[in-house]
Amino acid sequence: MGFTIDWGTLVVSIPVVATATVGAVKYLVKAYSKEHFDKRMEAFKAELQKEADKRKLEMEKEHTEYLKKLDSKMKVSADYIEKRYEKIQEIRTLLQEKYLTVKSVSPADPVLTSYIEQDIINCLEINRMYFTNEFIDLIQNLIRQIAEAKEHKYATYAIRDSTRLTDARKLEIHEQSSKSLKKLEELYHSIEQHLRDDYLQAI
């Protein structure tokens, strides 16, 4: 019995088989691609989560360090404020003492020929870091005015028995002393006002 090929059937079957084969290949490729994509996506998610956890730990560590530094700064700031207040009180006492000395002593008092402002200068130099520039300028102006007021006030004593000066000149020297003391008083009260303003701004 001979083998007979049904070419009609074969012709019809080949496209069907080819289509089925291509479909199967596409399915396999698609299934593989999806599986490969899913694996890569899972790996990416895992890596992303790992990076997020790492960053979270870093941020927590940075936050902890920041709080430690902030606590330290607040302590330093509190200590500085307390020390600043102490130093302001210290130099304020000196300013008041020297101001009242020059204002109240007799023109004949030897203190007017001494360098009483040196105590203020020394205090200022070692405590500059606690004072504002404006406050330092006021202190330096007062130091200069103390020196000037001392000189003019003592001059009124030095000329008391002078016969070489006219009465008009003696009167002029007395007026200079009065003006110098008046300016000293104004500067002193300016410093007091500055300190009051500084205190009110701090509270």
Side-chain angles (χ1 to χ4, degrees), residues 64-203:
T64 301
E65 290 298 319
Y66 170 77
L67 290 178
K68 287 180 180 178
K69 290 179 180 178
L70 186 61
D71 288 342
S72 177
K73 285 182 178 179
M74 288 177 68
K75 184 178 185 304
V76 170
S77 178
D79 290 344
Y80 173 83
I81 291 171
E82 183 178 349
K83 195 71 174 178
R84 179 174 184 266
Y85 177 76
E86 177 187 319
K87 294 303 178 180
I88 287 175
Q89 288 300 106
E90 182 181 332
I91 201 165
R92 183 185 184 189
T93 299
L94 277 174
L95 295 174
Q96 184 182 58
E97 176 190 327
K98 306 308 178 184
Y99 159 69
L100 291 176
T101 296
V102 176
K103 181 181 178 182
S104 61
V105 298
S106 164
D109 197 312
V111 73
L112 294 176
T113 60
S114 64
Y115 198 31
I116 61 173
E117 57 269 37
Q118 186 62 50
D119 291 340
I120 303 174
I121 294 172
N122 292 341
C123 185
L124 175 60
E125 288 306 311
I126 63 176
N127 296 304
R128 276 179 173 268
M129 65 177 292
Y130 299 107
F131 306 144
T132 63
N133 290 334
E134 184 180 357
F135 187 41
I136 291 172
D137 288 343
L138 287 169
I139 294 171
Q140 290 174 332
N141 288 339
L142 189 71
I143 289 170
R144 286 190 289 268
Q145 195 56 38
I146 286 174
E148 180 184 306
K150 283 191 312 173
E151 180 183 348
H152 286 306
K153 190 169 187 177
Y154 185 74
T156 63
Y157 166 73
I159 65 168
R160 70 193 187 288
D161 297 325
S162 174
T163 56
R164 295 188 304 165
L165 298 177
T166 63
D167 289 341
R169 176 57 182 150
K170 289 180 181 180
L171 179 60
E172 183 181 344
I173 291 172
H174 278 278
E175 288 176 346
Q176 286 176 341
S177 177
S178 296
K179 288 179 181 178
S180 187
L181 287 170
K182 179 66 176 176
K183 186 175 180 181
L184 177 63
E185 182 178 3
E186 291 172 353
L187 280 171
Y188 174 76
H189 288 301
S190 293
I191 289 176
E192 286 293 297
Q193 184 62 53
H194 171 81
L195 292 177
R196 281 193 292 272
D197 292 344
D198 184 66
Y199 175 74
L200 288 175
Q201 289 173 8
I203 60 176

- State, with a plain yes or no, whether a side-chain heavy atom of Phe135 is found less than 4.5 Å away from one of Ile191. yes

- is_close_aromatic(Tyr130, Tyr80), centroid dist under 6.0 Å: yes

- Has the side chain of Ser178 got a donor or acceptor atom that lies under 3.5 Å from a matching backbone atom of His174? yes

- Note on the structure: One should read off an interatomic distance between Gln140 CD and Leu138 CG, to the nearest 0.5 angstrom, of 9.5 Å

- Task: Show your reasoning for whether salt bridge (Lys or Arg N to Asp or Glu O under 4.0 Å) applies to Glu117 and Lys150.
- Result: CA-CA 10 Å; Glu117 57 269 37; Lys150 283 191 312 173; 2.9 Å; yes

- Task: State, to 0.1 Å, how close Pro107 and Thr156 come at their nearest heavy-atom pair, and which atoms those are.
- Result: CB-OG1, 3.5 Å

- CD1 (Ile121) and CD1 (Ile143) are apart, to the nearest 0.5 Å, by 4.5 Å

- Task: Please report the closest heavy-atom contact between Leu94 and Cys123, naming both atoms and the distance.
- Result: CD1-CB, 3.7 Å

- Message: Tell me whether Ser114 contacts the main-chain N or O of Val111 through its side chain, where contact means a donor paired with an acceptor under 3.5 Å.
- Response: yes

- Item | Any side-chain heavy-atom pair of Tyr188 and Lys103 under 4.5 Å | no

- Item | Closest contact, heavy atoms only, Leu165 versus Ile173 | CD1-CD1, 4.1 Å

- Message: Using side-chain heavy atoms (C-beta onward) and a distance below 4.5 Å, is Glu175 in contact with Leu171?
- Response: yes

- Item | Ionic contact status for Glu192 with Arg92, cut-off 4.0 Å | yes

- Tightest non-hydrogen contact, residues Lys153 and Leu181, listed as CD-CD1, 4.3 Å

- Test the Arg128-Phe131 pair against the cation-pi criterion, namely NZ or CZ under 6.0 angstrom from the six-membered ring centroid and within 45° of the ring axis. no

- Query: Any sub-3.5 Å donor-acceptor pair from Ser180's side-chain atoms to Gln176's backbone N or O?
  - Reply: no

- Message: For the CD atom of Glu134 and the CD1 atom of Ile136, what is their distance to the nearest 0.5 Å?
- Response: 11.0 Å

- Where is the tightest heavy-atom contact between Ile91 and Ile120, given as atom of each residue plus distance? CD1-O, 4.2 Å

- From CD (Glu86) to CD (Glu90), nearest 0.5 Å: 7.0 Å

- To the nearest 0.5 Å, how far apart are NZ in Lys183 and CZ in Arg144? 9.0 Å

- Message: Under a 3.5 Å cutoff, is there a donor and acceptor pairing between the side chains of Gln145 and Asn141?
- Response: no

- Message: Could you tell me if the side chain of Leu187 sits less than 4.5 Å from the side chain of Ile146, heavy atoms only?
- Response: no

- Message: Counting only heavy atoms from other residues, nucleotides and ligands, does the tally under 6.0 Å from NZ of Lys87 exceed 12?
- Response: yes

- Query: Counting only heavy atoms not in Glu82, do more than 12 sit closer than 6.0 Å to its CD atom?
  - Reply: no

- Taken to the nearest 0.5 Å, the spacing of Tyr99 OH from Leu142 CG works out to 9.5 Å

- Nearest non-hydrogen partners of Arg84 and Thr132, listed with the distance: NH2-CG2, 3.7 Å

